[in-house]
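As the structure is a prediction and not an experimental result, all values here were calculated from the model.
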Amino acid sequence: KPMHLFVNKDEIIVMTYFVNGTISSKINFIDIKTREIKNIIKIHGLSSDIDYDDENKFLFLINIEDKCLYIIDAEKK
């Protein structure tokens with residue numbers, strides 16, 4: 001289920017979650033021109049919130065399950 005969406009240059013960043021015995025969150029990097037998923041980052045547990053720093057190109061993600069803040073460099077993925 002899609003939860004958050006950001007546009008970064010020529011890609012869309014979408015956070016989703018899925019349940020298959022356990023709950024996991026996924027960050028999908030989708031190329032706008034080709035409409036292909038270029039990269040997927042999977043995180044165990046349900047992530048409650050995400051924010052995107054457009055100036056520095058970082059994603060900040062809070063995970064409810066492990067109570068951690070994840071910082072993802074959107075340029076490096």
Is [Y] close to [X] at the side-chain level, that is, under 4.5 Å between some pair of heavy atoms?
X: N28; Y: I12; value: no
X: V14; Y: F6; value: no
X: I72; Y: Y52; value: no

Next on the checklist: H4 and side chain to side chain contact (heavy atoms under 4.5 Å, CB included): which single residue from T16, L61, D49 fits?
Outcome noted: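 Exactly one pass, corresponding to D49.
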Give, for atom [atom1] of [X] and atom [atom2] of [Y], the distance between the pair rounded to the nearest 0.5 Å.
X: N8; Y: L59; atom1: CG; atom2: CG; answer: 8.0 Å
X: M15; Y: I41; atom1: CE; atom2: CD1; answer: 12.5 Å
X: F29; Y: I40; atom1: CZ; atom2: CD1; answer: 10.5 Å
X: K76; Y: N39; atom1: NZ; atom2: CG; answer: 14.0 Å

Listing, residues 19-27 side-chain donor-acceptor contacts under 3.5 Å, not counting sequence neighbours, or none:
| from | atom 1 | to | atom 2 | distance (Å) |
| --- | --- | --- | --- | --- |
| S25 | OG | G45 | O | 2.9 |
| S25 | OG | S47 | N | 2.9 |
| S25 | OG | S47 | OG | 3.2 |

Next on the checklist: According to salt bridge (charged side-chain N to carboxylate O under 4.0 Å, His left out), does anything in residues 50-68 pair up with another residue at least two apart or in another chain? List the pairs.
Outcome noted: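 Only D54-K57 qualify under salt bridge (charged side-chain N to carboxylate O under 4.0 Å, His left out).
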Checklist entry - What's the shortest heavy-atom distance between H44 and N63, and which atoms? => result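 Smallest interatomic distance, heavy atoms only, reads O-ND2, 2.8 Å.
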Next on the checklist: For residues V7 and I30: do they belong to one hydrophobic cluster (side chain heavy atoms under 4.5 Å, members Ile, Leu, Val, Met, Phe, Trp, Tyr)?
Outcome noted: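 Hydrophobic grouping puts V7 with I30.
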Checklist entry - Can I62 be reached from F60 by stepping across I, L, V, M, F, W or Y side chains whose heavy atoms are under 4.5 Å apart? => result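 Both belong to a single hydrophobic cluster.
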Checklist entry - Taking only residues two or more places apart in sequence, or in another chain, which ones meet F58 in a ring-ring contact (aromatic ring centres under 6.0 Å, His included)? => result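 Testing F58 for ring-ring contact (aromatic ring centres under 6.0 Å, His included), a comparison that skips the adjacent residues, returns none.
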Item to check | Salt-bridge contact K9-E75 (side-chain N to carboxylate O under 4.0 Å) | outcome: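 Yes, K9 and E75 are salt-bridged.
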